[in-house]
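The structure displayed is predicted, hence computed values, not measured ones. Letters A, B, ... mirror the listed sequences (proteins, then strands); counts begin at 1.
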Amino acid sequence: MIPLIRGFKDILPDETPVWKAIEDTAIAIFQSFGFREIRLPIVEKAELFQRSIGENTDIVEKEMYTFPGSRGEMITLRPEATASVVRAYIQQQLYARDPVQKLYTIGPMFRRERPQKGRYRQFYQISAEVFGIDAPYIDAQLIVLAWTLLERLGVTGLSVQLNSLGCPACRPAFKRALADMLAAGTGGLCADCLRRKDKNPLRVLDCKVPACREVMKDAPSMTDYLCEDCARHFSKVQSSLIRQQIPFVLNPRLVRGLDYYTRTAFEIQTDALGAQNAIAGGGRYDGLVKALDGPEQPAIGFAIGLDRLVELVSQTMPQKPFSPDIFIAAMGEEIQEKAFDWSCALGLAGIKTETDFSGKSLKALMKRADRVGAEHVLIAGSQELEAGVLVLRNMNTKEQVPVPIDGMVNHIKQYLKDYQ
RNA sequence: GUGGGUGUAGCUCAGUUGGCAGAGCACUUGGUUGUGGCCCAGGUGGUCGUGGGUUCAAGUCCCAUCACUCACCCCA
């Protein structure tokens, strides 16, 4: 046997209905909020991610699947969707039609991390991006949208973490203050943080090691350093969320792992999934379109971790087993050909039909019909064939009615209609 | 990349101080000549993750290795 690759997984027929239900719910909500779908390639030039996500991020440094293409250019399996959506916005000149674009996309992402609960090397995201709107209301609306989706799916135990990361005007001052503080005293920091403090000092803020939290207890908070515009923006996001009754907590330690974020950053966390508790996350990235050689347009987006969401929803959503309306039990070799014709006719008529072509004993066929959860069994043996009338058995009531072979599909259609 | 846990039938798992590889479920046949679930009786199914080692004898002890899994890290 050739097994699948580490960190990858099969999504089996018993699980796909939950995926489908989540996707359908998400799509309905996106449409209500004016979003349209965009479908993008799974591979892009490595450079796209290096420039957007940032060279010094874990994703780009060690988690991307990158390989040379036929012309020697480096190609990467996308680790996230935003870069591709921004690329398409620029390359297809969507902004020329209308700078305001509200887009969503669903698909697999790839990161070469060590697999664990809620973390796979191929994982799925639903992501939404809005271009051309800098008003704080759209920030709040995205959070409302994500929250509504989770609520409609019946997910509980969630919290919205909210922070503002400032902008190029005010973030440098904060970074300086943080660097000064770290330079003054680094005693007690873990090895990781000692390494991080120079390269990416913001990351020290969200370290989980208790000693580091203690050291960082009195660290400066970005929200204290926001410039006037950023502060006003952030406050408007909060008041909007309050009006919409979205519960959130301000988390000055919420830092995004991708370099492009500005201003609003948020994450929706669950308490039911172990260590991988982020179910959705995103934020504003006003500088990215310009940085990727596009026009100066603000943007904001978020992504939902579908695998994690599926796990949450599976815990509560009742699983309806797949069961046929009609099970054709055809006894003996010579009737199989008839059974085939009938199964085609019923299937074409839109009746969920299962047929057993094994020619086994009626007992064995009935047993199988029961196992697959058939509502009705169409019994066909030499007697029925001779009489030109089949027997339709209701598996719940055990009632059996005759069904003439002539005009059988209509008879069954009518019967099923009356039955419901 | 680092650490912990687990690998025995399709599934869930027993397996004693080293001594014939098991149970339940599932599958299959029959009890019931052409009627499912429940019950009863039988049957199929194993490279005990893999490779070495110790031993008269290894699922069991030792070494290595692989896989899965949880956690660190990171993130959705």
Side-chain angles (χ1 to χ4, degrees), chain A residues 1 3-9 53 57-64 79-82 106-128 146 150 161 190-193 195-196 200 203 206-209 212 254-258 261 265-270 273-283 301-312 327 329-332 335 356 358 360-385 390-400:
Chain A
M1 195 207 29
L4 50 61
I5 302 172
R6 179 184 183 73
F8 289 69
K9 65 171 174 180
I53 299 171
T57 57
D58 280 7
I59 293 177
V60 171
E61 268 182 353
K62 53 192 189 198
E63 295 174 2
M64 295 204 305
E80 55 112 33
T82 301
I106 302 177
M109 309 295 158
F110 304 83
R111 294 183 200 173
R112 207 183 131 37
E113 300 177 271
R114 184 83 171 259
Q116 84 187 60
K117 189 176 176 67
R119 191 171 81 184
Y120 309 95
R121 290 181 170 182
Q122 175 175 337
F123 59 102
Y124 296 81
Q125 288 188 339
I126 303 178
S127 53
L150 296 167
Q161 311 277 315
C190 69
D192 283 326
C193 285
R195 183 172 46 80
R196 278 193 286 244
N200 198 349
R203 292 245 67 107
D206 70 347
C207 183
K208 287 169 190 158
V209 175
C212 295
L254 180 68
V255 175
R256 308 273 68 205
L258 295 73
Y261 286 109
F266 71 94
E267 198 165 293
I268 301 183
Q269 299 176 352
T270 171
L273 234 44
Q276 305 305 316
N277 63 352
I279 205 83
F302 75 95
I304 296 172
L306 254 182
D307 310 73
R308 293 175 188 178
L309 188 51
V310 164
E311 220 171 298
L312 284 183
F327 183 95
M331 281 167 277
I335 303 183
D356 190 311
S358 67
K360 284 184 186 165
S361 71
L362 181 56
K363 180 183 171 131
L365 295 174
M366 290 299 294
K367 215 166 175 171
R368 190 166 138 71
D370 184 57
R371 199 169 62 239
V372 300
E375 296 280 321
H376 302 87
V377 178
L378 189 63
I379 298 170
S382 48
Q383 295 168 22
E384 286 76 16
L385 212 56
L390 304 182
V391 173
L392 186 64
R393 176 182 177 86
N394 182 317
M395 291 297 271
N396 295 323
T397 65
K398 299 186 177 185
E399 177 196 25
Q400 299 196 163

* To do: Taking the side chain as every heavy atom from C-beta outward, state whether T57(A) and E63(A) have any pair of such atoms under 4.5 Å apart.
  => no
* Can you tell me how far C1' in C20(B) sits from the matching atom in G46(B), rounded to whole Å? -> 15 Å
* **For Q400(A), all residues meeting side-chain hydrogen bond (donor to acceptor under 3.5 Å, both in side chains), sequence neighbours excluded** => R393(A)
* Structure fact -> Between CD of E63(A) and C1' of C73(B) the distance, given in whole Å, is 9 Å
* When all nucleic acid strands are considered with a 4.0 Å heavy-atom cut-off, which category describes E80(A): base, sugar-phosphate, or nothing? -> nothing
* To do: Starting at CZ of F302(A), measure out to OG1 of T82(A) and round the result to the nearest 0.5 Å.
  => 10.5 Å
* At under 4.0 Å between heavy atoms, what does S127(A) touch on the DNA or RNA strands: base, sugar-phosphate, or nothing? -> nothing
* To do: Measure from the side chain of D370(A), starting at C-beta and using heavy atoms only, and say which of G34(B), G36(B), C73(B) lies closest.
  => G36(B)
* Check RNA chain B for consecutive Watson-Crick or G-U pairs with both distances under 3.5 Å and list the runs of at least three as stems. => B:1-7 with B:66-72, B:10-13 with B:22-25, B:27-31 with B:39-43, B:49-53 with B:61-65
* Asked: Rounded to the nearest Å, what distance is computed from the NZ atom of residue K363(A) to the C1' atom of nucleotide G30(B)?
  -> 7 Å
* To do: Determine the sole option in K9(A), M109(A), R111(A), R112(A) for which the side-chain contact (heavy atoms from CB on, under 4.5 Å) test with R121(A) is passed.
  => R112(A)
* Just how far is it from atom NE2 of H376(A) to atom CG of N396(A), taken to the nearest 0.5 Å? -> 7.5 Å
* Asked: side-chain contact (heavy atoms from CB on, under 4.5 Å) with A329(A): which residues, sequence neighbours excluded?
  -> F327(A), L362(A), L365(A), V377(A)
* L312(A) side, atom CG; I279(A) side, atom CD1 - distance, nearest 0.5 Å -> 4.0 Å
* Nearest-nucleotide wise, let me know which of Q125(A) and V391(A) is further upstream toward the 5' end of RNA chain B. => V391(A)
* Asked: Among U35(B), A76(B), G34(B), which is the nearest nucleotide to the side chain of R393(A)?
  -> U35(B)
* Using the P atoms only, state how far C62(B) lies from A23(B), rounded to an integer number of Å. => 28 Å
* To do: For E384(A), enumerate each residue passing the side-chain hydrogen bond (donor to acceptor under 3.5 Å, both in side chains) test, keeping only those at least two apart in sequence or located in another chain.
  => none
* **Contacts of Q125(A) that satisfy side-chain hydrogen bond (donor to acceptor under 3.5 Å, both in side chains) - sequence neighbours left out** => none
* Over how many whole Å does the gap from Q122(A) atom CD to C75(B) atom C1' extend? -> 17 Å
* Which one, A76(B), G36(B), G34(B), comes nearest to the side chain of M366(A)? -> G36(B)
* **Separation of the C1' atoms in G19(B) and U12(B), to the nearest angstrom** => 28 Å
* Asked: Between C70(B), G36(B), A76(B), which nucleotide gets closest to the side-chain atoms of A278(A)?
  -> A76(B)
* Asked: In whole Å, what is the span from the CD atom of E61(A) to the C1' atom of C73(B)?
  -> 13 Å
* Asked: At under 4.0 Å between heavy atoms, what does E384(A) touch on the DNA or RNA strands: base, sugar-phosphate, or nothing?
  -> base
* Euclidean distance, R308(A) CZ relative to E311(A) CD, rounded to 0.5 Å -> 9.5 Å
* To do: Working to the nearest 0.5 Å, report the span between CG of L309(A) and CD1 of I126(A).
  => 7.0 Å
* **Atom P, compared across C73(B) and C68(B): separation rounded to whole Å** => 22 Å
Pairwise N/O distances under 3.5 Å, protein to nucleotides 25-29 of chain B:
residue: C27(B); atom: OP1; partner: R371(A); partner atom: NE; Å: 3.2
residue: C27(B); atom: OP1; partner: R371(A); partner atom: NH1; Å: 3.3

* Asked: In whole Å, what separates the P atom of U60(B) from that of A9(B)?
  -> 15 Å
* Just checking Y124(A): base, sugar-phosphate only, or nothing, at a heavy-atom cut-off of under 4.0 Å? -> nothing
* **Rounded distance in Å - CZ (R6(A)) to P (C66(B))** => 10 Å
* Nearest-nucleotide 5' precedence on RNA chain B, L4(A) against R114(A) -> R114(A)
* **Atom C1', compared across C39(B) and U55(B): separation rounded to whole Å** => 49 Å
* Asked: What integer distance in Å separates Q383(A):CD from U33(B):C1'?
  -> 11 Å
* Which distance, rounded to the nearest 0.5 Å, do you find between the CZ of F110(A) and the OH of Y120(A)? -> 15.0 Å
* Checking all strands, does G282(A) fall into the base, sugar-phosphate, or nothing category for heavy-atom contacts under 4.0 angstrom? -> nothing
* Please report, rounded to the nearest Å, how far the P atom of C68(B) is from the CZ atom of R119(A). => 14 Å
* Asked: Expressed in angstrom and rounded to an integer, what is the separation of L378(A) atom CG from G34(B) atom C1'?
  -> 15 Å
* Which value, in whole Å, describes the distance between the C1' atoms of nucleotides U32(B) and C48(B)? -> 40 Å
* To do: Assign L365(A) to base, sugar-phosphate, or nothing according to its heavy-atom contacts below 4.0 angstrom with the strands shown.
  => nothing
* To do: Describe the nucleic acid contact of A369(A) in one word from base, sugar-phosphate, nothing, applying a heavy-atom distance below 4.0 Å.
  => nothing
* Among C72(B), C75(B), G37(B), which nucleotide sits nearest the side chain of Q116(A)? -> C72(B)
* To do: Sticking with atom P, work out how far G4(B) lies from C75(B), rounded to a whole angstrom.
  => 26 Å
